[in-house]
There are 2 protein chains.
Amino acid sequence: MTAIKGARERARGEITAAIKDEARKQLAAEGAAKLSLRAVARELGMVSSALYRYFPSRDDLLTALILDAYNAVGQAAETALAAADARRGRRGGAAAATPAARWTAVCRAVREWALAHPHEYALIYGSPVPGYRAPETTAEPAGRVARALIEVVRDAYAAGALREPDDPLPDAVVGDMLTLVAEQGVELPAGVAARLVGAWAQLFGLVGFELFGQFNRVIEAREEFFEQAVLQLARSVGLPTPAR
Amino acid sequence: MTAIKGARERARGEITAAIKDEARKQLAAEGAAKLSLRAVARELGMVSSALYRYFPSRDDLLTALILDAYNAVGQAAETALAAADARRGRRGGAAAATPAARWTAVCRAVREWALAHPHEYALIYGSPVPGYRAPETTAEPAGRVARALIEVVRDAYAAGALREPDDPLPDAVVGDMLTLVAEQGVELPAGVAARLVGAWAQLFGLVGFELFGQFNRVIEAREEFFEQAVLQLARSVGLPTPAR
DNA sequence: ACGCGACGAGAGCACTGCTCTCGTTCGTGA
DNA sequence: TCACGAACGAGAGCAGTGCTCTCGTCGCGT
């Protein structure tokens, strides 16, 4: 896919990447609010107006960073899931790790990525900074973490290892869940899907609270607490968990 | 407490309030990023420098708004809890409503306040906008919602209506929970406290996801979904829930 | 009644996002 | 091959921002 495009197009790609890199650096250093086009340009040795050849506005730069961030967490979640399976495979067991292990692997990856990139996490899961807009292109990368979680649950369900919840579900929610599983092309009962969506949102509640300081003076053993909470989340969607 | 403080001090209070009101208006209209001291001053018919007599910096204004917002959600949660009890009392039953009803009342109040004041919610539970600082004074109001939830669980526990979780808890977490319940002066097993903290964080995960658009094209029946998820949260801390 | 401190106005500094213009350079179609 | 248009970088400039400093004025306690 990296065809040899004339020097111009090539340069464009490199410069675009350099701008994003520098912007990410400033983002990590000072947060989204302090990200300044002029400062980025200055650092790159160009004048601010030149930067507008690459990004039509500051918000567009931010949007690009948001997209990259979504893909980064998604990637982290996916590779963590694959790594968990690979580890298990190497140990000689089944091809895939236990559902609980896979679930925690994904959750842990999200948390660790968030701790390593707090400002980028804030960009995507904190308050929407620009003008409340979520372009269509954002939807797909934004779902990667969710899809990793879905995969874990779907596999467990297919293996008959899922304990289905017996709670009644409001009809409207059942409808939403049916269209959701249809869209995602997975076979999952509505009740499980609803628990899954809930667990998905709650996962980011846990991570966000830790990251944004709500756990200050409340919880010190953050990692242990997270681990335990995530296991409970797994249980709530019906995944079998070890040693309760 | 509203002693007659001479016209000057009186004026100071009124102007401070007017500034905060106007700032809140701009916050609601455009979000924290667009909140401008100059615009606030302009709207109030004064010059920007005059505003610095009341707030030493833009961040200080924001901090004041954050504090007010924490108190507003807290207040909403508390009155919702009291209202639930009052309703139940009027109907002739016990003095307090059922634990599940009280729990959902608090959660619902948080969600409704968030939907009514999205930008203020983002200010306190979204990314920390200013310089990552959480002044000591923030801690107390920030805990009001949590304390309302604690109250629900504590009362249920005191009434013997709580089903204690039997999961093992990491020792470090147990320690955190013991100091937490000691600080809060409530009598609660560590396991319940841990579940409670988790549920607390997860509640805001649910609300945040709905508010920040992560549920777009995923869930349409937001209210029903929330209601169901919150009930499950109640169950996870051991509260008895009706009709499962 | 005096004087100190709080106050509002205004000018000004350094910075921001963004626009417009103007030469230059590159790539491509004739 | 070469000429023309598109892409590009530099610079000036505009409107707006947070914040500081100075300077009259007015209110209140001594």
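Just so you know, these numbers come straight off a predicted model, no measurement behind them. A, B, ... follow the sequence lines: proteins, then strands. Residue 1 opens every chain.
For D68(B), the side chain to side chain contact (heavy atoms under 4.5 Å, CB included) test picks out K20(B), R24(B), with sequence neighbours left out. For E224(A), there are no side-chain hydrogen bond (donor to acceptor under 3.5 Å, both in side chains) partners, not counting sequence neighbours. For R144(A), the side-chain hydrogen bond (donor to acceptor under 3.5 Å, both in side chains) partners are N71(A), Q75(A), E78(A), not counting sequence neighbours. Remark: R53(B) pairs with no residue by the side chain to side chain contact (heavy atoms under 4.5 Å, CB included) rule, at least two apart or across chains. Remark: F225(A) engages F215(A) in a ring pair (Phe, Tyr, Trp, His ring centres under 6.0 Å) (not counting sequence neighbours).
Atom CG in L51(A) sits about 10 Å away from atom P in dG17(C), given to the nearest Å. The separation between D60(A) atom CG and dG17(C) atom C1' is 13 Å, rounded to whole Å. Atom OH of Y52(B) and atom C1' of dA6(C) are 18 Å apart (whole Å). Going from atom CG of L62(A) over to atom C1' of dG17(C) covers 12 Å, rounded to whole Å.
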Contacts table for residues 33-48 of chain B: side-chain donor-acceptor under 3.5 angstrom, sequence neighbours left out:
| from | atom 1 | to | atom 2 | distance (Å) |
| --- | --- | --- | --- | --- |
| S36(B) | OG | R38(B) | N | 3.3 |
| S36(B) | OG | A39(B) | N | 2.9 |

Across nucleotides 10-17 of chain D, 5' to 3', mark each nucleotide with B, S or - according to how protein heavy atoms within less than 4.0 Å reach it. BB-B---B

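DNA chain D lies under 4.0 Å from at least one heavy atom of each of the following residues of residues 12-23 of chain A: R12(A), I15(A).
No side-chain donor from either of T63(B) and D60(B) sits under 3.5 Å from a side-chain acceptor of the other.
For dG9(D), the OP1/OP2 oxygens have a side-chain nitrogen or oxygen of Y54(A) closer than 4.0 Å.
Pairs passing the salt bridge (Lys or Arg N to Asp or Glu O under 4.0 Å) check and including a residue from residues 205-216 of chain A, sequence neighbours excluded, read R111(A)-E210(A).
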